[in-house]
Amino acid sequence: MSGAPVAAETVESERLLLGLNPAQVEAVTAPDQPVLVLAGAGSGKTRVLTHRIAYLIATERAREDSVLAVTFTNKAAREMRSRLAALLGGEPRGMWLGTFHACSARMLRLRGELGGVPRDFVIYDEADRVSVIKEAMRRGGVEEKRTSAATVAAEISRAKNDLQDALLYGARAQGYVEVQVARVFPHYQLILEENRALDFDDLLLRAVQLLENSEEARQGFRRRFGHVLVDEYQDTNRAQYMLLRLLVEEHHRVTVVGDPDQSVYSWRGADIRNILEFQRDYPDALVIPLEQNYRSTAAILRAAGAVIQENSLRVEKSLWTDGPEGSPVTVAQFYDEREEATAVAREIMALVERGEAELGEVAVLYRTNAQSRSFEEVLLRAGIPYRLVGGVRFYQRKEVKDVLAYLRLLVYHQDRVAFERVVNVPRRGVGAQSLQQLVAASQELRVPFWELLSDPASAGVRGQAAAGMARFASTLEEVYEWGLSWPLVQVFDRLVEATGYRGFTRDGSPEGEERWANVMELRGLAAEQGDLPMAEALPAFLEQVALAGDGDQMEDGARAVTLITLHQVKGLEFPVVFVSGVEEGLLPHSRSLDTVAEMEEERRLLYVGMTRAKRLLYLSHCFQRHLYGSPKVAVPSRFLAALGSGGAVARWGTAPDRGGARPYVAPVASHGQPAPLMRARQFIDERAAAPGRSVPTEARFRAGDRVEHARFGKGSIALSEMTSGGEEVVIDFDTSGRRRFAVTDAVLRKLG
């Protein structure tokens, strides 16, 4: 298998090359050496990956069980597995195919004990993580008023993705926030160990540590995986990069597919250098660009190419298509976000009425989740069905997490996070003080808390709370013993009945019925485990749920408009795409103005959004937009300047008159700049000076003033300026960072 020359191509292997373009054939048939496939948007990268795996197997260069294929989403893994089954004539036997986190979890289940990881670990999701962090902050004496749990969680996540444990992080901590996090980090890890739990970032960190520190594990997995293939390589972080290096360090049979122009996750730790410097890491690498696009029209590709061409951190390539020219990309400018949303809704209905698109073929993209509000309001009022991606995820809904906590306790008795979540749901008379007594006694007596539940009095818990704890433990024990030989779905039914959760949820209200429908949806997922006994099915089910990603809530074929952020839309495609809010401060985001690298990532984000479109692409921005509760003058994004040449841009303006002022559709000047900003400023100034509106003319604050905000606390004025709408201030808050407000809307009190 390993270094053998390529076998003579059989009829089967030749069949796998049918329909591929020359670059794709080169990638699929590439020799056993490092291969970098630079796959532009819509160039068929999934097809190349699946056909390469099938080709390796057909030519006997790899066995099915010697292949490790890593994706970034469960949705992509399912699609790849389905395509492979079609190519191979059946499910690939023994092949590892999944996300980095899923494959790392599998490694730790098999060999983790060699690195001190218990085989029966539980995986904590983000909500569990924040709950543990709050307890760790209390133990470490860190006040949540001064350093939020979300800040601590993000910093610990960043550290683990950079392969820093608590000890190393503490040694390098600098500045107030890092010092506070360093006080929390050791307690956080200790609580995880007490609960035999790993968080998402631990899956990668502990897998890397396992391969680094255990020769047995390292050699075992290297022998197991003779070929490693990685999708979306531009989005790998340091931990993922090291995991890959450790697996292929000896044989170098690695194929990575990615596109530097679509690297948009640096805030998650993704490092674009991993793909840009692939040839430095593997000097013998074969680099194959895929430039033929099968998704978008020529007009869309030309516009997207003009935008991304401005970046310096990229590998030069030019997407092309032999498909139709298509309609020009449309750029529009409206008065505010309400008019923008109204125009989008009207255009969607016009497309549907003309038979040019169906609702399920349309997506509205935006930079921040807050931008969805105006679209939701308008679509709801217009009766246009929509699905909001990135709202409360199914697995984060209270009733779903409650039932999952009960299920976790059946197999992970030591899981205190799950225990504290449901011990009093439904009410059993167990309060916070009783829980604290139980935990304190557990630590003092060095006895696991679940062993004290049968006799809470030994922990100092009395009365109704003691009875409730004992009844809770008895119920779970009864369900567990009964369910050992029953399928998971039967145990599910018994559990929600015995604990009283069914009656608690179905309280007779419409909301209760909706919550119960979510519980039944979870039951349907449990039923997919088939007739496997609970002891075997439940751990696998819980791991599957814990590893579910944001994209897993996307339903194929939904007959509704999709509202989704630019980050979440990566990997998807739609015939019709609207990208809204293409403005300075939004796209590029105001937090991305400090460095060239951040600015270039924002440009890549717009490029990703544009290349999701197959037939029609609309870009829009406003004269003014409400941010932080007050209207602000909106400046067209600098990224639109690239769209001025080649006739790539058309007018679009379907919004109605508002207050006598028509929405303004920005023409593009010959030098490529959007219509002059002065027109927008004049328009806003005219509205600001309208009769009946009083605008302050003198500033109340100046730089250096100390102020207090009703929500964000104390801070110092960094900047005060007068605008057409009145005074605006930039405040450096002591604990909340820098924020901008309109003085007329902000509740500010001058100190001193």
Any donor and acceptor pair, going by atom type alone, linking the side chain of [X] with main-chain N or O of [Y] inside 3.5 Å?
| X | Y | result |
| --- | --- | --- |
| Arg218 | Leu211 | yes |
| Glu601 | Ser266 | yes |
| Thr50 | Thr46 | yes |

Original post:
Shortest non-hydrogen contact from Leu313 to Glu600?
Top reply: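 It is N-OE1, 3.0 Å.
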
**OP:** Taking all heavy atoms of Thr99 and all of Val70, pick out the closest pair and write down the distance.
**Re:**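 Closest approach of Thr99 to Val70: C-CG1, 4.0 Å.
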
**OP:** On the 0 to 90° scale, with breaks at 30° and 60°, tag the Phe221-Phe225 ring pair as parallel, tilted or perpendicular.
**Re:**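 Correct class here is parallel.
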
Got [X] and [Y] here, is their nearest side-chain heavy-atom distance under 4.5 Å?
| X | Y | value |
| --- | --- | --- |
| Gln164 | Arg172 | yes |
| Ile275 | Leu38 | yes |
| Arg47 | Leu290 | no |
| Leu229 | Ile53 | yes |

Subject >> Stepwise salt bridge (charged side-chain N to carboxylate O under 4.0 Å, His left out) test for Asp235 and Lys570 >> reply: CA-CA 11 Å; Asp235 291 329; Lys570 192 163 171 292; 2.8 Å; yes

Original post:
Asn21 and Tyr294: side-chain donor and acceptor closer than 3.5 Å?
Top reply: yes

Subject >> Neighbour count above 12 (heavy atom, 6.0 Å) for Arg222 CZ >> reply: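 Yes - once you tally the heavy atoms of other residues, nucleotides and ligands closer than 6.0 Å, there are more than 12.
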
Subject >> Result of checking Asp162, Asp201, Asp199 against Ser157 for side chain to side chain donor-acceptor pair (under 3.5 Å) >> reply: Asp201

